[in-house]
There are 4 protein chains.
Amino acid sequence: MFRTKILILTDHSVVNMSPRTEEQLASLKDSKRKLIFDAALNAFSERGYHGATVGLIAEMAGISKGLMYSYFKSKEDLLDELLVYGLTRMGEFLSFVPKEGISTPAEFEAALRGMIGLYTAETNFWRLYIIIVLQKNTTPKFEKLMEEMIQGYLGIFITYFKHRGVPNPLAEAMMLGSVLDGIMFDLMVAPDMYPVEDVIKLTIKKFA
Amino acid sequence: MFRTKILILTDHSVVNMSPRTEEQLASLKDSKRKLIFDAALNAFSERGYHGATVGLIAEMAGISKGLMYSYFKSKEDLLDELLVYGLTRMGEFLSFVPKEGISTPAEFEAALRGMIGLYTAETNFWRLYIIIVLQKNTTPKFEKLMEEMIQGYLGIFITYFKHRGVPNPLAEAMMLGSVLDGIMFDLMVAPDMYPVEDVIKLTIKKFA
Amino acid sequence: MFRTKILILTDHSVVNMSPRTEEQLASLKDSKRKLIFDAALNAFSERGYHGATVGLIAEMAGISKGLMYSYFKSKEDLLDELLVYGLTRMGEFLSFVPKEGISTPAEFEAALRGMIGLYTAETNFWRLYIIIVLQKNTTPKFEKLMEEMIQGYLGIFITYFKHRGVPNPLAEAMMLGSVLDGIMFDLMVAPDMYPVEDVIKLTIKKFA
Amino acid sequence: MFRTKILILTDHSVVNMSPRTEEQLASLKDSKRKLIFDAALNAFSERGYHGATVGLIAEMAGISKGLMYSYFKSKEDLLDELLVYGLTRMGEFLSFVPKEGISTPAEFEAALRGMIGLYTAETNFWRLYIIIVLQKNTTPKFEKLMEEMIQGYLGIFITYFKHRGVPNPLAEAMMLGSVLDGIMFDLMVAPDMYPVEDVIKLTIKKFA
DNA sequence: TATGAATGAGATTTCATTCAT
DNA sequence: AATGAATGAAATCTCATTCAT
């Protein structure tokens, strides 16, 4: 996983980090706001922030340019909220990590498969995410959420590796993070020819 | 490593793929063209293609906007040539891989350290490269060069793993590629706190 | 007083120029229409016609944008009607000028104080009024009303100055008009530090 | 004259308040910047800030919209600079007030005629000026310049009235200021029918 | 070669007005 | 009667590209 600042947390308190209640997210379903989010996610992730015009996003959302501005203060604001929304949504889906952390190889595998599953399911979000994270000036709100998320997972894996008696648990967890990042990236660039299953098995063999 | 289309090449013909002679590259040294390339590399990698304005690039290169257009047909042309130039230059630096391929763990380590060294030395190029690769519509020239390069290295590692009697050499090579991609990415996002040395050692332990 | 076209009327027929009966005005009290008028008066006088948005006016009036359009054909129409309404309302308040005109210094003083009192009481209307009058394209209805009003007062003062044997009654009346306009303007710009009472006394001394 | 805050200065130090050297102003002559200033002055004074579009101003200046933005950061910035430029320019023209202040009726008359001459010569600037001053949110730079200018003239007249033994010199000066403001305003609204000469003579009779 | 003023197409943003509810 | 979501025209602003010097 990516990291921006590393504060190792060895407890697992972070998994349930979503500040939004499920109702709030549910209320977004089928709303116009959701339409715009989806369109913007596609547009931004395919063309980058500057390459995706408001006009294009509006067209993809099936609304007028003007209407966008009654939902979002500006294009920049749209990006901000989209990132936070996306990250929060990711948090929602991360139910495959048990609250008590992971301790057995079976749990490790489940977590691994869960995360990689997310990558394939939400390619657009992760693509956007990479683009944004590589550019300067991320928004503070987004950065904070990211950090929480990253450190949460890092902590979980550190604990796991400690538990398994691995010599350098931190390095092990960070390398695993890089593996996951690399897999995400490669799946993004060439999803069709990547031997995911083989790589997952190898990863389990080398890390679990 | 990144891949876009995978044609496994098991020979090592690719390392010296650059069609440009060294003289051609040398002639670039200290030229205006080089100045522009450097400026554009910084600007594009920091702000993306659309976010980096021609005016900014010219300013960073210390020349006028007008002059840029006697060196490059257009902004798009500048990006094209920059990418090819960068990739070619990468090829130049890849001297750490012996022509006959690698066969011992020591050679493996040398190659690994060489590549990771490249990431830290040429961060901007790799950042630009990632941004471009994640977006559609790469230029054909660039795509071809990339493919050659990637498959070359993939082939080298496949051969190495075969040689070492590893069960599934392709998957092993692809996972190693992902590890390298992940490390590159993490180094890009948070270079200061990434335990490179520890991760390199772990990678050698797990792959060499 | 301001003038746009000068037709000297020496009779005093103008004071009660309003074609609206008091009932008509009374029917406006507390109506939605009145709410909108008040809001529009504030908005227009503070920000000018183009600077005051329909949305803002609606918000200030505590109603929806949509409802505004069942009371007024358009924003321009709202301005038109507001101006006429305001001017008519001014006429209502101008009771301090006796029907037979003024002939004694005491009456002069009363009229003077009455008008200046109006300025301080209805700052917003006069501010709007100035803004509109300085810009081209006033509406004909409004222009006609204005002219009637102005010439009425001008006539009253001309008669007064004639009566008092002043050499050039027209010039005297016009200068007095300028004094009143200047006072109105200064009161608008810096009401707190203007020595109104002193200036009134001086005006009486110089003109009555 | 208008005032916003009143600090009575009884010396005459303010007349030469222009911070720009004459060369700087001269360098503006015939420049594109000057063209834009002139166009903007006309447009703003005729239609107000929001009513005058950047497109219109550019057209009146005979340039493209785009070019405006290499001379001025924004429309608002254009207004700001225009106001300061105009006020500074006014200061330049105010040579009819002797450095030592005014003390004789002849000098009073010269000053009066000078100022009224300015009103007729630079109608557009004063119209713009009024429009701006009646609206909130003037720029601080402009406000400061205005205050200097106003207090300067106020001080000059206060000194004059003191010198002439007038009972309440401050009130007298402020009323005279209102007279001038009123004349300016009336000249703006109906220049053709205003009996300027007669009113000037009356003003001299009543104040000098 | 070198400049940067100038353009115009297109991007972002605003807002009067309409209309389904 | 009342709302405010929705539109589209027009406003502000940006920027790749050209061109006179």
Side-chain angles (χ1 to χ4, degrees), chain A residues 31-33 35-36 47 49-59 61-79, chain B residues 31-32 36 47 49-59 61-79, chain C residues 31-33 35-36 49-59 61-79, chain D residues 31-33 35-36 47 49-58 61-79:
Chain A
S31 75
K32 207 125 282 192
R33 205 177 164 80
L35 276 182
I36 299 174
R47 300 164 182 247
Y49 177 70
H50 294 284
T53 70
V54 171
L56 176 69
I57 296 171
E59 194 189 355
I63 59 167
S64 68
K65 272 182 296 181
L67 189 55
M68 279 224 21
Y69 287 86
S70 45
Y71 288 94
F72 301 94
K73 263 203 341 280
S74 65
K75 189 187 177 186
E76 212 181 333
D77 180 52
L78 168 58
L79 174 63
Chain B
S31 72
K32 285 273 147 71
I36 299 173
R47 299 162 184 253
Y49 176 71
H50 292 283
T53 70
V54 171
L56 176 69
I57 296 171
E59 192 190 358
I63 61 167
S64 70
K65 268 184 301 176
L67 191 54
M68 286 214 24
Y69 283 84
S70 41
Y71 288 93
F72 301 95
K73 253 195 0 270
S74 66
K75 190 188 180 185
E76 212 181 333
D77 180 52
L78 169 57
L79 175 63
Chain C
S31 72
K32 284 274 148 71
R33 206 178 167 78
L35 281 181
I36 299 173
Y49 176 69
H50 292 283
T53 69
V54 171
L56 176 69
I57 296 171
E59 192 190 357
I63 61 166
S64 71
K65 268 184 301 177
L67 191 54
M68 287 215 24
Y69 284 84
S70 41
Y71 288 93
F72 301 95
K73 249 196 1 269
S74 66
K75 189 188 181 187
E76 212 182 333
D77 180 53
L78 167 58
L79 175 64
Chain D
S31 74
K32 205 124 283 189
R33 204 179 164 79
L35 276 181
I36 299 173
R47 299 162 183 247
Y49 177 70
H50 293 284
T53 70
V54 171
L56 175 69
I57 295 171
I63 60 168
S64 68
K65 272 181 297 180
L67 189 55
M68 282 225 18
Y69 288 87
S70 47
Y71 287 94
F72 301 95
K73 264 203 337 279
S74 65
K75 189 187 178 188
E76 212 181 333
D77 180 53
L78 169 57
L79 174 64

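Just so we're on the same page: letters track the sequence lines, and every chain starts at 1. Computed from heavy atoms alone, side chains included, the values below leave out hydrogens, waters and symmetry copies. Computed from a predicted structure; not experimentally measured.
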Paired nucleotide for dA1(F) [Watson-Crick or G-U wobble; both distances under 3.5 Å]: none
Touch class at under 4.0 angstrom, heavy-atom based, for Ser64(A) against every strand present: base
Between NZ on residue Lys65(C) and OG1 on residue Thr53(C), distance to nearest 0.5 Å: 8.0 Å
Ser74(C) side chain, from C-beta outward: closest of dT17(E), dT13(E), dT17(F): dT17(E)
Touch class at under 4.0 angstrom, heavy-atom based, for Tyr71(A) against every strand present: sugar-phosphate
Minimal non-hydrogen separation, Phe72(D) against Ile36(D), with atom names: CE1-CG2, 3.6 Å
Met68(C) versus Val54(C), closest heavy-atom pair with distance: SD-O, 4.1 Å
Gap between atoms CE and C1', on Met68(A) and dC15(E) respectively (whole Å): 16 Å
DNA chain E: 5'-proximal contact among Gly62(B) and Val54(C) (nearest heavy atom): Gly62(B)
Leu56(A) CG - dT12(E) P separation (whole Å): 10 Å
Identity of whatever pairs with dA11(F) - Watson-Crick or G-U, under 3.5 angstrom: dT12(E)
5'-most by nearest nucleotide on DNA chain E - Leu67(D) or Gly51(C): Leu67(D)
Distance, rounded to the nearest Å, where Asp77(B) contributes CG and dA16(F) contributes P: 14 Å
For Ala52(B) against Lys75(B), the heavy-atom pair lying closest together: O-NZ, 2.9 Å
Partner nucleotide, any strand, of dT7(E) [Watson-Crick/G-U, under 3.5 Å]: dA16(F)
Full working for side-chain contact (heavy atoms from CB on, under 4.5 Å) between Tyr49(A) and His50(B): CA-CA 8 Å; Tyr49(A) 177 70; His50(B) 292 283; over 6 Å; no
Short side-chain N/O contact from Lys32(D) to OP1 or OP2 of dA6(E), under 4.0 Å: yes
Earlier contact from the 5' end, DNA chain F, for Lys75(B) and Thr53(D): Thr53(D)
Length of the CD-P vector between Glu59(B) and dA16(F), whole Å: 13 Å
For atom CD1 of Ile63(A) and atom P of dC19(E), their distance in whole Å: 19 Å
Atom-pair distance (CZ on Phe72(C); P on dA1(F)), nearest Å: 13 Å
Sugar-phosphate only, base, or nothing, as touched by Lys65(C) at under 4.0 Å among non-hydrogen atoms: base
Between dC15(E) (C1') and Leu78(C) (CG): distance, integer Å: 15 Å
Proximal nucleotide (of dA6(F), dA16(F), dT17(E)) relative to the Tyr69(C) side chain: dT17(E)
Nearest-angstrom distance from the residue atom CD1 of Ile57(C) to P of dA16(E): 8 Å
